[in-house]
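This report refers to the structure that appears directly beneath it.
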Amino acid sequence: MARRLSTTHLETYKPGGKLSTLFECIYKDPELSFEIRKNDEVMVYYNKKKILTISKGLRIEPLSAYYYKPGSGPTVDISDSKNWKRQITIDKYLKEAKLIAYKKDMKREFQLQQNISLGNRDCEGRFLVVDMEWQFSQENIAKEDRIIKTRIDLIVVDLTPNSKGENDIYLTEVKLGTAALEGDSGLQGYVNSSHGIVSFKPACEALKDDVTSIITQKHELGILYGKLPSLRLSDKPKMLFILGHRGKRERNELEEAISKLKIPTELDEPKVLFLDTLIKL
């Protein structure tokens, strides 16, 4: 099942729709990501933390109690439909939910990921960030045939066709600094997880289907903007590392870590983009 909203659900976010005010509050906040999920569901993220879920039937689930102690959660009941059209109430909920999530755990890497997503929504640019936290659903796959369960930081589409005339889809891993380069969540772990997806035809097909539907619907809502190009998506995704560094030392260490990666022969060499996150005045 693709990540796609029903026509009825999609219409509620447009001007005059039941959730249009809620959507406008989310849309105008550069710290929030409105992501389309399967089963006619939307999840709203603040730096990788899910602070709002809108399910089929427009049922709203607020920030999970996992993030706070009893009695210290948001003071606004965002699930109450009477509040949906009161922008000041919605803004208050979002502000409180973000603060609670921030106190629970905040990493600069998440902020970098969010800013990359925000800065690549122009359909007339080079790269288009389509989705955050993408995961292949394996509920219809026999247990013995399932691949490693993993979440991809960003799904990125190259709007410039490759030598075959196709638009590459990138499974993108975002890192900031050198603190988390080892283990299952490190660079080699990401390569291994990507190998599982690229080598599994149902996963590739699901990704391509998701990319197609999400681009169409996010563009319809104005999350993605500019003239929507005609795309010929590649059948298999490629890998992309976006590596943020703070100075020459971190850049050198990241380059060394990349040089040591063991890339399976079935995979293309990963594309690597280095970002200097220092702000020079």
Side-chain angles (χ1 to χ4, degrees), residues 3 25-37 41-54 61-68 73-74 91 93-121 127-136 149-157 170-191 193-194 214 218 223-224 239-247 250-251 253-254 257-258 270-279:
R3 297 187 174 202
C25 291
I26 296 167
Y27 179 80
K28 73 181 183 182
D29 190 331
E31 295 180 329
L32 298 180
S33 291
F34 179 97
E35 302 298 342
I36 296 170
R37 297 295 181 245
E41 190 172 68
V42 163
M43 293 182 182
V44 179
Y45 293 92
Y46 167 64
N47 290 322
K48 265 192 175 181
K49 297 174 178 65
K50 183 174 64 177
I51 66 169
L52 195 66
T53 301
I54 306 168
E61 300 174 23
L63 181 72
S64 169
Y66 161 80
Y67 290 103
Y68 55 87
D91 282 338
Y93 167 80
L94 295 174
K95 181 179 180 180
E96 291 180 349
K98 289 196 300 181
L99 181 59
I100 292 169
Y102 180 90
K103 289 180 178 179
K104 177 68 177 180
D105 178 34
M106 178 51 60
K107 296 180 179 179
R108 289 191 62 198
E109 189 171 280
F110 299 166
Q111 295 174 317
L112 178 61
Q113 179 178 324
Q114 174 69 22
N115 288 339
I116 292 170
S117 174
L118 187 66
N120 293 275
R121 296 180 176 179
F127 295 105
L128 193 66
V129 174
V130 177
D131 195 20
M132 297 177 65
E133 300 298 299
W134 183 86
Q135 184 175 31
F136 172 52
K149 186 177 180 180
T150 186
R151 291 183 185 274
I152 304 300
D153 287 344
L154 299 173
I155 299 297
V156 176
V157 173
Y170 287 104
L171 305 173
T172 307
E173 177 79 353
V174 179
K175 293 291 184 187
L176 177 60
T178 59
L181 300 182
E182 306 296 333
D184 291 341
S185 61
L187 301 186
Q188 188 62 54
Y190 162 77
V191 171
S193 298
S194 296
I214 291 173
K218 281 191 171 182
I223 297 173
L224 303 179
M239 294 182 293
L240 170 62
F241 285 109
I242 300 179
L243 305 177
H245 57 90
R246 295 157 293 193
E250 282 192 341
R251 168 71 182 251
E253 290 183 19
L254 288 169
I258 287 292
K271 185 179 184 66
V272 182
L273 299 177
F274 291 98
L275 294 180
D276 188 346
T277 62
L278 295 179
I279 300 174

| said: Using the rule given for side-chain contact (heavy atoms from CB on, under 4.5 Å), can you reason through I152 versus E133, listing the C-alpha separation, both sets of side-chain angles and the distance that settles it, and then say yes or no? | reply: CA-CA 5 Å; I152 304 300; E133 300 298 299; over 6 Å; no
Treating [X] as the side-chain partner and [Y] as the backbone partner, does any N or O pair qualify as donor plus acceptor under 3.5 Å?
X: S33; Y: E35; result: no
X: S193; Y: T150; result: no
X: Q114; Y: P30; result: yes
X: D153; Y: V174; result: yes
X: K175; Y: L181; result: no
X: E109; Y: L176; result: yes

| field | From CA spacing to verdict: side-chain contact (heavy atoms from CB on, under 4.5 Å), R121, S117 | value | CA-CA 7 Å; R121 296 180 176 179; S117 174; 3.8 Å; yes
Nearest heavy atoms of [X] and [Y], plus distance in Å:
X: Y67; Y: I100; value: O-CG2, 3.5 Å
X: I51; Y: A97; value: CB-CB, 4.2 Å
X: I116; Y: N120; value: O-ND2, 2.7 Å
X: G177; Y: L254; value: O-CD2, 3.5 Å
X: L187; Y: A257; value: CD1-CB, 3.8 Å
X: V130; Y: K218; value: O-NZ, 3.0 Å

| So, are D131 and R37 salt-bridged, with charged N and O less than 4.0 Å apart? | yes
Taking side chain as C-beta onward, heavy atoms only, is [X] less than 4.5 Å from [Y]?
X: L243; Y: L275; value: no
X: Y46; Y: F110; value: no
X: F34; Y: V42; value: yes
X: W134; Y: R3; value: yes
X: Y68; Y: L63; value: yes
X: I223; Y: Y27; value: yes
X: E182; Y: Q188; value: no
X: C25; Y: L94; value: yes

At what distance, to the nearest 0.5 angstrom, does [atom1] of [X] lie from [atom2] of [Y]?
X: I214; Y: I155; atom1: CD1; atom2: CD1; answer: 8.5 Å
X: D276; Y: E250; atom1: CG; atom2: CD; answer: 10.0 Å
X: K49; Y: Y66; atom1: NZ; atom2: OH; answer: 8.5 Å
X: Q111; Y: E31; atom1: CD; atom2: CD; answer: 7.5 Å
X: L240; Y: L154; atom1: CG; atom2: CG; answer: 8.5 Å

| said: My understanding is that only one of V156, L118, V157, T172 makes a side chain to side chain contact (heavy atoms under 4.5 Å, CB included) with V129; could you say which? | reply: V156
| request: Take F241 and K271 through the test side-chain contact (heavy atoms from CB on, under 4.5 Å) and record every step on the way to the result. | output: CA-CA 6 Å; F241 285 109; K271 185 179 184 66; over 6 Å; no
| said: Does K149 have more than 12 heavy atoms from other residues, nucleotides or ligands lying within 6.0 Å of its NZ? | reply: no
| request: Report the C-alpha separation of K95 and D29 in whole Å, then their side-chain angles, then the decisive distance to 0.1 Å, and conclude whether the salt bridge (charged side-chain N to carboxylate O under 4.0 Å, His left out) test is met. | output: CA-CA 10 Å; K95 181 179 180 180; D29 190 331; over 6 Å; no
| field | Step-by-step side-chain contact (heavy atoms from CB on, under 4.5 Å) determination, L52 to Y93 | value | CA-CA 10 Å; L52 195 66; Y93 167 80; 4.0 Å; yes
